[in-house]
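For reference, the structure discussed in these notes is given below.
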Amino acid sequence: MSNTPIQPGFIEPNQLNAITQAMSGLDSQQLTWLSGYTAGLAAAGAVPEGQATPAQTSSAQLTILYGSQTGNAKGVANAFGEQAKAGGINAKVVSMADYKPRQLKAETHLAVIVSTHGEGDAPDDAVEFHEYVASKKAPKVNQLKYSVLGLGDTSYEFFCQTAKDFDTRLAALGATAIAARVDCDVDYDSAAKAWADVVIAGIKDDFSAQTTAVPATFAANAPSLVSAAATYDKKNPFTASLSESLKITGRDSVKDIRHIEISLEDSGISYEVGDALGVYFLNAPDVVERILNTLKLSAETEVTVQDETMSLQQALTEKLELTLSYPTFVSKLAEATDDVKLKNLLNDKKVLREYIVDRQIVDIIVENPVTVTAQQLVDALRPLTARLYSIASSQTEVEDEVHLTVAHVAYDAHGFAHQGGASGFLSTRLEEGGDVKVYVEPNPNFRLPPDPNTPVIMVGPGTGIAPFRAFMQERDAQGAEGDNWLFFGNPNFTQDFLYQTEWQGYKKSGLLTNISLAFSRDQAEKIYVQHRLLEQGAEVYAWLERGAHFYVCGDAMHMAKDVENALLEIYQTHGKQSADEAKRSLLALRKAKRYQKDVY
């Protein structure tokens, strides 16, 4: 006898199929809850997820488009979408990578949430839509109401440039701003929430005819269908422990690169190859001491950081950014102290950028020992944010561990020894067994092909090799038969061939089909991975023609651009394509998720 439910006349076949798929895998308790939930919706005359009802008369829809490189913009977009739906607004959240640009002319309400990448570039999933909006093909959108939220980092010159581009262009196309664009720094939560509140308040009257949201009592009382296991994220990191910090470059190397192993035991945390690990760190005690001594402030003075009261020493050690410099710190310090030297520095943006590029926050303070209160100092500093590292392991192989490949930033400048915040903490200050707070940052835009028989090309010089170590562990565990080709580069073969024994083992076993190495300083003329790509251009093109996925990890400012230019040249030379045709081929590769980048 068939188990297919009887289809009532008012349920369409496609609706029944969607319902059946949604219910698959639910246990009896969850199905019981679902029946009560849907009964409650029927009694309230409401439907979930903003779907239309016969009483709904408004055709307005809020489309929330996000462009995200590391996942932050996606997270903000999803949270905004839930907030909008809870307010009775018909809203949908869409990645710019999945959005058909020509749909823009039909939109009534649009929210754009986008990060900026590299030197003012759009993130990978936003490139096509960004180019379309900027082009002559973009339509007039006089009917459109919109607002833009930018996510960025004021330590970069082209702060929130992609958001500014969208805002300027949408206005030029005739759209009306619901709320002014907001450009968020790395601590974006409160600014993003305030922007969302203003946008929703600005459009609620346009959606007044739409269906009533699910009653609050349902939302409050409905049990979660998500596992009850604790979830960890950047607001609630897991306290892990350091298992190992091992230098993997040679004694005479110009680089100090560490293999880091962290125990996730008892966390229940899972991750996929391609994901990143967010790492919180403690600022170096000597840096905190230098700041306190320079400004003649007491370590025990109580201060408030994000509504939490603590000693100044604790705030400087655990809560505030003391390494990465950014213009707003200089601006806030100048404003708090009315210091002439600092104000003069602010008058020329170029000079200011050059000034902060090789100075940490502590250097700026030591060179400008102003008179400031403990709270004024705290208010001028921005919250310490986790550093993201590409995960260098497959959980299939390492189970309750996670591995990282970390370049220890260490240099002498301005009379003092300097370290990177997280890299110094993991490499030298944190002892084995010591606590480190971590969380997984999913990266759905950097994934192995679903079919393990698909060939992959991996370009990862320096620490960019990290996710490809994870890829190979995963492909090995899968018994994948797809070809694998690694392009790796570093200064010297004898000093800097990271994970050399592992790669040689993969090559010997046949899992690694090709390996192309570029050790830049082993000959008079520097050779980099893009040169090896061009040398092997015919074979690279042949791999792409048979469906290979192409991955790049590492430096965004130079290497990733050089590799992309090499790819374009390969399409032109070996594919006999014009420059425009090569660009279209690369765009098609990106849209098919066969060209993926994890760059920083």
Side-chain angles (χ1 to χ4, degrees), residues 153-155 185-187 234 237 239 242 245 256 258 278-337 339 342 355-387 406 408-438:
D153 183 339
T154 52
S155 62
D185 205 349
V186 290
D187 50 332
K234 65 181 177 181
T239 303
L242 178 70
S245 175
D256 178 0
R258 305 289 176 122
V279 177
Y280 284 101
F281 59 94
L282 303 179
N283 286 310
D286 63 312
V287 171
V288 173
E289 185 178 357
R290 281 172 58 203
I291 290 174
L292 292 171
N293 291 341
T294 299
L295 299 179
K296 297 180 173 58
L297 295 172
S298 169
E300 302 307 316
T301 302
E302 285 198 343
V303 293
T304 301
V305 181
Q306 295 180 324
D307 300 324
E308 185 180 355
T309 300
M310 65 192 71
S311 71
L312 178 59
Q313 180 153 13
Q314 181 184 357
L316 293 176
T317 302
E318 301 176 9
K319 302 292 184 180
L320 300 168
E321 180 62 68
L322 303 183
T323 48
L324 292 179
S325 297
Y326 44 96
T328 50
F329 172 70
V330 178
S331 176
K332 288 181 178 180
L333 201 62
E335 183 180 341
T337 62
D339 185 79
L342 290 174
Y355 177 76
I356 67 175
V357 71
D358 69 338
R359 286 174 172 82
Q360 296 184 337
I361 291 293
V362 62
D363 297 314
I364 297 173
I365 289 173
V366 168
E367 293 181 9
N368 300 276
V370 294
T371 300
V372 66
T373 67
Q375 190 61 52
Q376 284 176 321
L377 172 63
V378 166
D379 292 343
L381 293 166
R382 71 183 184 191
L384 185 149
T385 54
R387 303 298 195 257
V406 175
H408 177 209
V409 177
Y411 60 97
D412 292 328
H414 312 294
F416 296 95
H418 293 65
Q419 283 188 315
S423 70
F425 179 69
L426 290 171
S427 301
T428 64
R429 300 198 299 276
L430 184 63
E431 297 182 357
E432 289 186 6
D435 290 345
V436 53
K437 293 182 178 181
V438 302

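Atoms considered below: every heavy atom in the structure, side chains included; atoms not considered: hydrogens, waters and symmetry mates. Throughout, residue positions are numbered sequentially from 1 according to the sequence presented. All values reported here derive from a predicted model rather than from experimental measurement.
Applying the ring-ring contact (aromatic ring centres under 6.0 Å, His included) rule to pairs touching residues 281-337 yields nothing, sequence neighbours excluded.
What you find for Gln375 and Thr304 is that their closest heavy atoms are OE1-N, 2.9 Å. Nearest heavy atoms, Tyr411 versus Asp358: OH-O, 4.2 Å. Closest approach of Leu333 and Ala380 over heavy atoms only: N-CB, 4.2 Å. Here the closest non-hydrogen pair linking Ala299 and Ser311 is O-CB, 3.6 Å.
The closest donor-acceptor contact from the side chain of Arg387 to the backbone of Ala422 lies at 3.5 Å or more, if one exists at all. A donor-acceptor pair is defined here as one N or O able to donate and one able to accept, closer than 3.5 Å; such a pair exists between the side chain of Ser325 and the backbone of Arg359. A donor-acceptor pair is defined here as one N or O able to donate and one able to accept, closer than 3.5 Å; such a pair exists between the side chain of Glu321 and the backbone of Leu324. Judged by distance alone, the side chain of Asn368 and the main-chain N or O of Ile365 form no donor-acceptor pair under 3.5 Å. Not one N or O on the side chain of Thr301 forms a donor-acceptor pair closer than 3.5 Å with the backbone of Ala374.
For the side-chain contact (heavy atoms from CB on, under 4.5 Å) test, residues two or more places apart in sequence or in another chain that qualify with Lys234 are Asn72, Tyr188, Tyr280, Tyr439. Taking Glu308 as the reference, Met310, Lys319 meet the side-chain contact (heavy atoms from CB on, under 4.5 Å) condition, with sequence neighbours excluded. With sequence neighbours excluded, no residue forms a ring pair (Phe, Tyr, Trp, His ring centres under 6.0 Å) with His408. By the side-chain contact (heavy atoms from CB on, under 4.5 Å) test, Ala417 is found to be paired with Asp412, residues two or more places apart in sequence or in another chain being considered. The side-chain contact (heavy atoms from CB on, under 4.5 Å) test applied to Asp339 returns Thr337, Lys341, Leu342, Val370, not counting sequence neighbours.
A 4.5 Å side-chain heavy-atom check between Leu312 and Glu300 finds every atom pair outside the cut-off. Taking the side chain as every heavy atom from C-beta outward, Leu430 and Ser245 never approach each other to under 4.5 Å. Residues Pro237 and Val438 fail the side-chain proximity criterion, which asks for heavy atoms closer than 4.5 Å. In this structure, Asp435 and Leu242 have side chains that are not in contact, with every pair of non-hydrogen atoms separated by 4.5 Å or more. Counting only heavy atoms from C-beta outward, the side chains of Leu320 and Leu377 never approach each other to under 4.5 Å. At a threshold of 4.5 Å between non-hydrogen side-chain atoms, the residues Lys332 and Asp379 do not count as touching. Looking at heavy atoms from C-beta onward, Thr323 lies out of side-chain contact with Ile361 at the 4.5 angstrom threshold. Between Tyr355 and Val357 the shortest side-chain heavy-atom distance does not fall below 4.5 Å.
Of the residues listed (Asp153, Thr328, Asp187), the one engaging Arg382 in a side-chain hydrogen bond (donor to acceptor under 3.5 Å, both in side chains) is Asp153, and it is the only one. When each of Thr373, Val366, Val372, Thr371 is checked for a side-chain contact (heavy atoms from CB on, under 4.5 Å) with Leu295, only Val372 meets the rule.
Interatomic distance, CD of Gln313 versus CD1 of Ile291, reported as 11.5 Å (0.5 Å rounding). With rounding to the nearest 0.5 Å, the separation of OG in Ser298 from CG in Leu292 is 8.0 Å. Going from atom CD of Gln360 over to atom CZ of Arg290 covers 8.0 Å, rounded to the nearest 0.5 Å.
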Review point. What's the verdict on side-chain contact (heavy atoms from CB on, under 4.5 Å) for Leu322 and Val362, showing C-alpha distance, side-chain angles and the deciding distance?
Key: CA-CA 6 Å; Leu322 303 183; Val362 62; 5.7 Å; no
Review point. Between Val330 and Ile364, is a side-chain contact (heavy atoms from CB on, under 4.5 Å) present by the stated rule, with each step listed?
Key: CA-CA 8 Å; Val330 178; Ile364 297 173; 4.2 Å; yes
Practice item. Apply side-chain contact (heavy atoms from CB on, under 4.5 Å) to the pair Leu426 and Arg258, showing each step before the final yes or no. Key: CA-CA 9 Å; Leu426 290 171; Arg258 305 289 176 122; over 6 Å; no
Check your understanding: Does the pair Val287 and Phe416 meet the rule for a side-chain contact (heavy atoms from CB on, under 4.5 Å), with working shown?
Key -> CA-CA 10 Å; Val287 171; Phe416 296 95; over 6 Å; no
Exercise for review: Decide yes or no on side-chain hydrogen bond (donor to acceptor under 3.5 Å, both in side chains) for Thr154 and Asp185, but give the supporting numbers first.
Suggested key: CA-CA 6 Å; Thr154 52; Asp185 205 349; 2.8 Å; yes
Exercise for review: Could you please spell out the steps behind the salt bridge (charged side-chain N to carboxylate O under 4.0 Å, His left out) verdict for Arg429 and Asp286?
Suggested key: CA-CA 11 Å; Arg429 300 198 299 276; Asp286 63 312; over 6 Å; no
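More than 12 heavy atoms of other shown residues, nucleotides or ligands fall within 6.0 angstrom of atom CD in Gln314. By the neighbour-count criterion of 12 heavy atoms within 6.0 Å, atom CD of Glu289 is sparsely surrounded, having that number or fewer from other residues, nucleotides or ligands.
A donor and an acceptor atom, one from each side chain of Gln419 and Thr428, are located under 3.5 Å apart.
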